[in-house]
Amino acid sequence: MTIASMCSPTRSPWDQPMDRCFRIFPCLADPGRRSSLCLKLALVTIHLIYAGVLFLFDGDLIENTKKEPWYTALYLLLFVVTLIQYFATSLSSPGYVLDAMMTVNDNTNVAYKKTSETSSQSASSRNGSFVVSMEGNQSGRSLSGSSTTSWSKLVADLYPLGSPIRTWTCTYCNVEQPPRAKHCHDCDKCVLQFDHHCVWLGNCIGQGNHCKFWWYLFEDTALCLWTGVLYISYLKAHITSVWWQAAILILLLITLSVCLIFLLLLLLFHSYLILTNQTTFELVRRRRIHYLRGIPERVHPFSGGVRRNLYYFCCARSAVYRFEPLPTPSEIEERARPYTCSDALTCRCC
């Protein structure tokens, strides 16, 4: 036996099949992706178990399906739509800063070349325009046809004059971050309007998929509530028939109740964030965010009113990157003003 063979690590009989599996599915070689995939499979399996046990034990539900198929069809439709919404949210982009920077710079360069070649052509032509939605006192501005507009200038315009560049430059990606962006250590990317990283989805929640995430919470909450009603209906009618079936359903119902409470609280929490135009990161780590430290806690600096917040959250196009500049001191002072009776009549909060 040579010294090299003695020092080399021993390989178990499972190493060769695992290596072959990693070559076929390269995504499984990453431990983070493997854990994310296992969580997704576990979540889908839990949904299938709760629905499958119900149809397996409840014979009356099968009989009622033959008489009134629409009731069961609606339940199964909600079940399928919830799983589809889950995977749609999991696979959607949260809006990465690097993608936005490349899009802004590429469209700026293309538009400048086109306008320089054909000066008579409109700068907002269909092939050479890219609109960035700017909130606050900096209204929508077009990036097409301007040679001086770039990502660095765009981000600098979102911060107050005199702000040091090191305070809004990511130390990991080395890119300028617009307000509300944050680097996610799980994804290793900077995310626009970062909310949180969801381990169950294996994806960040940000500007690009927050709306999808809210709809997934709403659908899953409705599905859990409907499933709980069906479980309770079965137990009321068959609590004394087969004890082991009733015991299994009671255990599942207790677990389902805990999940329902968690989902309902999470849905209400994110609904509050949407109405006030906040993110989970901004609410939880407000004192650690440098541009929010001097703003009173009861002031929501990026809120434009309930109606406007709902419009941008629900109706804004995902193809348009929306950047919100920091409010000026006068705007902060106006929003910090206490509400009066006249404000209630004029719907100031809306």
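Throughout, residue positions are numbered sequentially from 1 according to the sequence presented. Predicted, not measured: the structure shown is a model, and the values here were computed from it.
Side-chain contact check for Cys184 versus Tyr172: every heavy-atom pair is 4.5 Å or farther apart. In this structure the side chain of Leu256 never reaches within 4.5 angstrom of the side chain of Leu252, judged on heavy atoms.
For Thr45, the side-chain hydrogen bond (donor to acceptor under 3.5 Å, both in side chains) criterion is met by no residue, not counting sequence neighbours. With sequence neighbours left out, the salt bridge (Lys or Arg N to Asp or Glu O under 4.0 Å) criterion links Glu297 to Arg287. For Glu282, the salt bridge (Lys or Arg N to Asp or Glu O under 4.0 Å) partners are Arg180, not counting sequence neighbours. When the side chain to side chain contact (heavy atoms under 4.5 Å, CB included) test is applied to Arg285, the partners found at least two apart in sequence or on another chain are Phe281, Arg288. Residues forming a side-chain hydrogen bond (donor to acceptor under 3.5 Å, both in side chains) with Tyr311 (at least two apart in sequence, or on another chain): none. For Asp188, the side-chain hydrogen bond (donor to acceptor under 3.5 Å, both in side chains) test picks out His183, with sequence neighbours left out.
Inspection of the Ser152 and Ser150 side chains reveals no N or O donor paired with an N or O acceptor under 3.5 Å. Side chains of Asn309 and Ser303: a donor-acceptor N/O pair is present below 3.5 angstrom, by distance only.
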Please tabulate, for the side chains in residues 261-274, all donor-acceptor contacts under 3.5 angstrom to protein atoms that are two or more places apart in sequence or on a different chain.
from	atom 1	to	atom 2	distance (Å)
His270	ND1	His210	NE2	3.1
Ser271	OG	Trp214	NE1	3.0
Ser271	OG	Leu267	O	2.7

Side-chain donor-acceptor pairs under 3.5 Å in residues 228-235, sequence neighbours left out?
from	atom 1	to	atom 2	distance (Å)
Tyr231	OH	Tyr50	O	2.8
Ser233	OG	Val229	O	2.9
Tyr234	OH	Gln245	OE1	2.9

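The line from CE of Met101 to CG of Asp99 is 9.0 Å long, rounded to the nearest 0.5 Å.
Through ILVMFWY side-chain contacts below 4.5 Å, Val258 is grouped with nothing and stands alone.
Within the structure, side-chain hydrogen bond (donor to acceptor under 3.5 Å, both in side chains) contacts touching residues 71-80 (residues at least two apart or in different chains) are Thr65-Thr72, Tyr71-Trp226, Tyr75-Thr227. Sorted by first and then second residue, the pairs that involve residues 82-101 and meet ring pair (Phe, Tyr, Trp, His ring centres under 6.0 Å), not counting sequence neighbours, are Tyr86-Tyr216. Listed by first and then second residue, the side-chain hydrogen bond (donor to acceptor under 3.5 Å, both in side chains) pairs that reach into residues 251-267 come to none, sequence neighbours excluded.
Within a 6.0 Å sphere centred on OH of Tyr291, heavy atoms belonging to other residues, nucleotides or ligands number more than 12.
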